[in-house]
Amino acid sequence: MDRDTDRYRLLTRRAAVLGGLKLAGLSALVGRLYYLQVVESARYTMLAEENRISLRLVAPSRGTIVDRFGAPLAVNQQNYRVVVVSERTRNIQDTLDKISKIVPLTDGDRRRVMRELHRKRRFVPVTVRENLTWEQVATIEMNTPDLPGVAIEVGEIRHYPEAEATAHILGYVGAVSEAELNGDPVLSLPGFRIGKAGMEKYHEKALRGTAGTSQLEVNAVGRVIRELSRDEGQPGREVQLTIDIGLQKFVQQRLSQEVSASCVVMDVHTGGIYALCSHPSYDPNQFTMGISAELWEELLSNQATPLNNKAVAGQYPPGSTFKPVVALAALESGLISRNHTVFCPGHMDLGDHRFHCWKKGGHGTVDVVGALRHSCDVWFYDVSRRIGIDRIAEMANRFDMGQLTGLDLPHERPGLIPSIDWKKGALGKPWAQGETLIAAIGQGYVLSTPMQLVAMTARLANGGFAVKPHLTKQIKALSGEQTSWPPIGVKKENLDLVLRGLYEVTNAPNGTAYKSRITEPGYEMAGKTGSAQVRRITMAERSTGVKKNEDLPWRERDHALFISYAPVSSPRYACAVFVEHGGGGSTAAAPIARDILLECQKRDPGRAAVAESAPPPPPPGGTRG
């Protein structure tokens, strides 16, 4: 009996221990389930959503670029592209053959498609061709039963309505290179394009916008089931330029009659650029769509360098267009009087060197106004020898020559204004006095760009204010353009004397540009001709007769330049024309400037800025002495 009782107690204890262990295990299980399903519910819900939902970036719509009156210069167009999904086709090569009967495919296109198909999963669409015409889209849509796995997608592509007329201002967009990746995830989007040149590059951040997001439901292998939500992001800002596209097209057409030329038209008060042209040009749309190797090679091999923006990056000797700066430097120095005269016999001797005037027989006795009117080299030889190169350089710097103007366009070049210290530092040689004489007529080491010349002209015409050229009128939702400028520090009576000389260049019967004057009352212009030699004329050639430009090969002809402003009674527009190897400034460049300034005044692109600008200076005055 006792034995049975002990055995019962032992079994009861064991059952109790076993039951307790089971109860503890069950409690732990319930506790774990409570922890996972209640305490950690949010975390695991998020993880499940991440496996089910794919968050993808949506490329923002690029901001547009318009001219000063709102005319579109750079816009976005619908880009129809044909894509193929590998898993839905029985034979990809057969599918490509069928597509090629509707949309021409090169061997390169086929290789690219096959390469991408091997890199991507079979359900991911691969672009076959972009920029389809509406007829091609319609034909593919009609034949979809015979084209399994083929579909049409719609995106955006940059388009430049005026093409060649605005290429050097706007630039173009292109695919993002490895060097341009900066951590912004939108740059990694397939097919995303950014500004590569011009205003597209300068205003890239404003134009790019902010990427949106798309929430997609996907399965375990990443195939898209459906789109759950979409945020389009923030489109890029609209950029308004100071350009008048009507005038821009007129100038580009006028320059097209030359082999190579450039021109800038600028408001002398606000600094707004109304036209900036470089000829020959190119079609930026070809870069957006993907330029062919043949066309790229053709552009590179063209002797007239269509890819180079000559208006801001072309550095050339300014020739006699530099003489107004030298005249002001001489007058401001106090080393000559306003009545200073020089006798020009056609040359000037310095030591054992003879420096020639462009007119073999000379100009006789001339003062500062006459020297500008006739473009007498000897007068400028004389005054430059008196004041020295450093005074000339200091005055040129006041006009932003030999330095960047600060133009809001990439790839501007600074030109060169030499000085004693510059030559010693750059070349390790002392300055020679004869080099001062050559610099005084805009030759030798002196280099400038058409942009610098038009800025110089504007500062002369506006009464001596340090106006800066710019192309951006305003960015939507941001501030507009500057309209007030500090003085450059020249005496009014000296400036008026120089302006009187520029007036007589075009309006006095013996002025160098009299034949190219504007005869319509109220539209008259003032200006300065310039010719820059690109080859050395030997003494032997001078003795037998200097060859005319038209008898020389194109690359050996002088450059032709002309700076001008109008109307002379109330200056508003400055213009600089450069014709590469055009011969004489009076024959090649001045007629172009006349036509452009006349058109500019009749169009009056500055009418929108009149209320913003400072009062115009009085007509050029002073006496001839």
What are the two closest non-hydrogen atoms of [X] and [Y], and how far apart are they?
| X | Y | value |
| --- | --- | --- |
| S531 | G584 | OG-CA, 3.4 Å |
| G489 | E332 | O-OE1, 4.0 Å |
| T529 | A513 | CG2-CB, 3.8 Å |
| A311 | V264 | CB-CG2, 3.9 Å |
| G388 | T436 | C-CG2, 4.0 Å |
| A313 | N308 | CB-OD1, 3.6 Å |

Has [X] got a side-chain atom pairing as donor or acceptor with [Y]'s backbone, closer than 3.5 angstrom?
| X | Y | answer |
| --- | --- | --- |
| D244 | P605 | no |
| R391 | I387 | yes |
| H559 | H581 | yes |
| Q240 | T472 | no |
| T305 | L307 | no |
| S333 | L335 | yes |
| E258 | L255 | no |
| K310 | H279 | yes |
| N507 | Y514 | no |
| Q443 | P317 | no |

Less than 4.5 Å apart, any side-chain heavy atom of [X] and any of [Y]?
| X | Y | answer |
| --- | --- | --- |
| S564 | Y573 | no |
| R68 | I243 | no |
| L495 | K491 | no |
| E524 | R517 | no |
| Q601 | P567 | yes |
| D367 | H340 | no |
| I169 | L241 | yes |
| T457 | I563 | yes |

State plainly whether the residues [X] and [Y] are in salt-bridge range, i.e. N to O under 4.0 Å.
| X | Y | result |
| --- | --- | --- |
| E580 | R557 | no |
| R338 | E493 | no |
| K359 | D377 | no |

### Query
Checking salt bridge (charged side-chain N to carboxylate O under 4.0 Å, His left out) for the pair K423/E435: CA distance, chi angles, key distance, verdict?
CA-CA 11 Å; K423 186 179 180 184; E435 293 171 327; 2.7 Å; yes
### Stepwise ring-ring contact (aromatic ring centres under 6.0 Å, His included) test for H374 and W358
CA-CA 10 Å; H374 297 297; W358 70 268; 8.6 Å; no
Nearest 0.5 Å, please: how far is [atom2] in [Y] from [atom1] in [X]?
| X | Y | atom1 | atom2 | result |
| --- | --- | --- | --- | --- |
| L170 | H203 | CG | NE2 | 10.5 Å |
| I488 | N462 | CD1 | CG | 8.0 Å |
| I417 | S448 | CD1 | OG | 7.0 Å |
| C600 | M266 | SG | CE | 12.5 Å |
| Q433 | H353 | CD | NE2 | 11.5 Å |
| S320 | I441 | OG | CD1 | 6.5 Å |

Classify the side-chain pair [X]/[Y] by whether it contains a donor and acceptor separated by less than 3.5 Å.
| X | Y | answer |
| --- | --- | --- |
| Y274 | D267 | yes |
| T512 | S586 | no |
| Q533 | D558 | no |
| D400 | T405 | no |
| S278 | S262 | no |
| K528 | S375 | yes |
| S281 | E164 | no |

### Task
Applying side chain to side chain contact (heavy atoms under 4.5 Å, CB included) between F343 and each of D382, V378, V366, T365, report the one that passes.
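Of D382, V378, V366, T365, side chain to side chain contact (heavy atoms under 4.5 Å, CB included) with F343 is met by T365 alone.
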### Message
Quick one, K602 with E520, criterion salt bridge (charged side-chain N to carboxylate O under 4.0 Å, His left out). Give me CA distance, side-chain angles, the key distance, then yes/no.
### Response
CA-CA 11 Å; K602 289 182 175 180; E520 296 189 34; 3.1 Å; yes
### Message
Quick one, H269 with V467, criterion side-chain contact (heavy atoms from CB on, under 4.5 Å). Give me CA distance, side-chain angles, the key distance, then yes/no.
### Response
CA-CA 7 Å; H269 301 303; V467 61; over 6 Å; no
### Query
R354 and D349: salt bridge (charged side-chain N to carboxylate O under 4.0 Å, His left out), yes or no, with the steps?
CA-CA 4 Å; R354 172 162 288 186; D349 293 326; 2.8 Å; yes
### salt bridge (charged side-chain N to carboxylate O under 4.0 Å, His left out) between E200 and K196, intermediate numbers included
CA-CA 7 Å; E200 291 278 25; K196 296 288 186 176; over 6 Å; no
### Message
Run the ring-ring contact (aromatic ring centres under 6.0 Å, His included) test on Y316 and F578 for me, step by step, so that the C-alpha distance in whole Å, both residues' side-chain angles and the decisive distance to 0.1 Å come before the verdict.
### Response
CA-CA 9 Å; Y316 313 97; F578 174 86; 3.8 Å; yes
### Query
Would K424 and K429 satisfy side-chain contact (heavy atoms from CB on, under 4.5 Å), going step by step from the backbone distance to the final call?
CA-CA 5 Å; K424 185 177 181 180; K429 297 179 180 179; over 6 Å; no
### Task
Report the C-alpha separation of N309 and H411 in whole Å, then their side-chain angles, then the decisive distance to 0.1 Å, and conclude whether the side-chain contact (heavy atoms from CB on, under 4.5 Å) test is met.
CA-CA 9 Å; N309 187 350; H411 311 304; over 6 Å; no
### Message
side-chain contact (heavy atoms from CB on, under 4.5 Å) for L328 and N494? Distances and angles first, verdict last.
### Response
CA-CA 7 Å; L328 263 180; N494 292 334; 4.0 Å; yes
